[in-house]
J.: 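The structure's right below; bear with me while I get my questions together.
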Amino acid sequence: SLPGQLAWLGCATSPPGTCGQCFTFLSVFSWQRRKGWDILLEAFFREFRSSDNVSLLIKTSLPTFVHGGPPNVTEQVDELIRRRGLQNLSRAPYFIFDDHIPAQAMPHLYRASDAFVLPSRGEGGSARPMLEA
């Protein structure tokens with residue numbers, strides 16, 4: 001799992017938005033199947049390569065109410081890559097982190113990105129990230 005630390009995945013050496021040259025997609029959601037993380041990552045991996053000037057930033061929160069504790073995000077992403085046959089693709093950089101960000105700092109995260117994406121399979125009574133974006 002990713003307790004309180006940035007997970008550097010893909011091939012990038014710095015987070016999106018830091019170089020000012022990269023087109024950055026942002027998604028904000030709880031790490032649950034219903035939120036469509038697998039749809040988003042597969043689409044991103046199939047569409048973009050490491051040579052493209054693009055990155056994906058996922059700000060997530062890990063559900064703690066599941067049996068066995070929070071999910072191991074790295075293992076789940078690796079499994080998705082294997083299951084969908086994406087191992088040999090030269091993937092564009094992607095970043096997944098679950099650090100707490102105070103509500104007053106969230107506008108900075110949204111402004112630092114170029115496009116907001118929400119691949120949800122369905123929302124309940126609140127689609128707060130969509131409203132924030």
Side-chain angles (χ1 to χ4, degrees):
S1 66
L2 308 171
Q5 56 184 296
L6 187 63
W8 300 103
L9 304 171
C11 62
T13 57
S14 61
T18 59
C19 66
Q21 300 173 359
C22 196
F23 188 95
T24 302
F25 291 97
L26 170 67
S27 197
V28 178
F29 54 82
S30 177
W31 194 265
Q32 302 173 43
R33 184 182 180 282
R34 179 175 60 89
K35 299 297 184 171
W37 63 265
D38 54 332
I39 296 168
L40 174 60
L41 285 172
E42 182 174 2
F44 185 77
F45 294 158
R46 290 193 185 282
E47 183 64 27
F48 300 107
R49 301 291 171 259
S50 60
S51 58
D52 294 326
N53 197 19
V54 64
S55 63
L56 171 64
L57 175 61
I58 297 175
K59 164 59 183 102
T60 193
S61 56
L62 301 179
T64 56
F65 55 84
V66 294
H67 178 71
N72 185 320
V73 174
T74 302
E75 283 182 9
Q76 289 185 349
V77 171
D78 289 346
E79 181 182 333
L80 172 77
I81 290 169
R82 281 190 306 276
R83 266 194 349 252
R84 302 291 166 84
L86 306 169
Q87 305 93 315
N88 296 324
L89 295 179
S90 171
R91 294 181 293 277
Y94 61 104
F95 309 87
I96 301 172
F97 73 105
D98 74 334
D99 292 351
H100 170 73
I101 297 179
Q104 65 270 23
M106 287 300 291
H108 300 288
L109 182 62
Y110 288 107
R111 280 194 298 271
S113 58
D114 298 294
F116 180 76
V117 292
L118 189 65
S120 182
R121 289 182 170 93
E123 291 297 322
S126 172
R128 193 179 90 211
M130 188 168 45
L131 296 173
E132 287 177 348

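The basis for the numbers below is simple: all heavy atoms, side chains too, and nothing from hydrogens, waters or symmetry mates.
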J.: Find the distance between CG (Asp114) and CG (Leu57) and round it off to the nearest 0.5 Å.
T.: 11.5 Å

J.: List the residues meeting side-chain hydrogen bond (donor to acceptor under 3.5 Å, both in side chains) with His108, not counting sequence neighbours, and say none if there are none.
T.: Arg111

J.: Please round to the nearest 0.5 Å and tell me the distance separating atom CG of Leu26 and atom CZ of Phe95.
T.: 12.5 Å

J.: Please report the interatomic distance CG(Leu109) to CZ(Phe97), rounded to the nearest 0.5 Å.
T.: 5.0 Å

J.: How far apart are the closest heavy atoms of Gln76 and Trp37, and which atoms are they?
T.: OE1-CZ2, 3.6 Å

J.: Compute the centroid of each ring, for Phe48 and then for Phe25, and state whether the two points are separated by less than 6.0 Å.
T.: yes

J.: Got a second to check how far Asp38's CG is from Arg33's CZ, nearest 0.5 Å?
T.: 6.0 Å

J.: Please report the shortest heavy-atom distance between Arg121 and Gly36, naming the atom on each side.
T.: NH1-CA, 3.6 Å

J.: Quick one: list whatever passes side-chain hydrogen bond (donor to acceptor under 3.5 Å, both in side chains) with Ser120, sequence neighbours left out.
T.: Glu123

J.: Honestly curious: do Leu80 and Ile39 fall in one hydrophobic cluster under the side-chain, below-4.5 Å linking rule?
T.: no

J.: Could you give me the CA-CA distance, side-chain angles and deciding distance for Phe29 and Leu40, then say whether side-chain contact (heavy atoms from CB on, under 4.5 Å) is met?
T.: CA-CA 11 Å; Phe29 54 82; Leu40 174 60; 4.2 Å; yes

J.: Are side-chain heavy atoms of Val54 and Glu47 found at a separation under 4.5 Å?
T.: no

J.: Please step through side-chain contact (heavy atoms from CB on, under 4.5 Å) for the pair Leu41 and Leu56, ending with a clear verdict.
T.: CA-CA 9 Å; Leu41 285 172; Leu56 171 64; 3.8 Å; yes

J.: Keeping Ser27 on the side-chain end and Val117 on the backbone end, is there a donor-acceptor pair under 3.5 Å?
T.: yes

J.: Could you list the residues that satisfy salt bridge (Lys or Arg N to Asp or Glu O under 4.0 Å) with Arg49, not counting sequence neighbours?
T.: none

J.: Which pairs with one or both residues in residues 71-82 pass salt bridge (Lys or Arg N to Asp or Glu O under 4.0 Å), sequence neighbours excluded?
T.: Glu79-Arg83

J.: Can you give me the closest heavy-atom contact between Arg91 and Leu86, atom names plus distance?
T.: NH1-O, 2.9 Å

J.: Quick one: do Ile81 and Phe45 satisfy side-chain contact (heavy atoms from CB on, under 4.5 Å)? Show the steps, please.
T.: CA-CA 9 Å; Ile81 290 169; Phe45 294 158; 3.8 Å; yes

J.: Verify, without hydrogens or angle tests, whether Asp98 (side chain) and Thr60 (backbone) share a donor-acceptor contact under 3.5 angstrom.
T.: no

J.: According to side-chain hydrogen bond (donor to acceptor under 3.5 Å, both in side chains), who are the partners of Ser61, at least two apart in sequence or on a separate chain?
T.: none

J.: Distance check, rounded to the nearest 0.5 Å: His100 atom NE2 versus Lys59 atom NZ?
T.: 8.0 Å

J.: With sequence neighbours excluded, tell me which residues meet salt bridge (Lys or Arg N to Asp or Glu O under 4.0 Å) with Arg84.
T.: Glu42

J.: Please determine whether side-chain contact (heavy atoms from CB on, under 4.5 Å) holds for the pair Asp52 and Phe23, giving the CA-CA distance in whole Å, both sets of side-chain angles, and the decisive distance to 0.1 Å.
T.: CA-CA 9 Å; Asp52 294 326; Phe23 188 95; over 6 Å; no

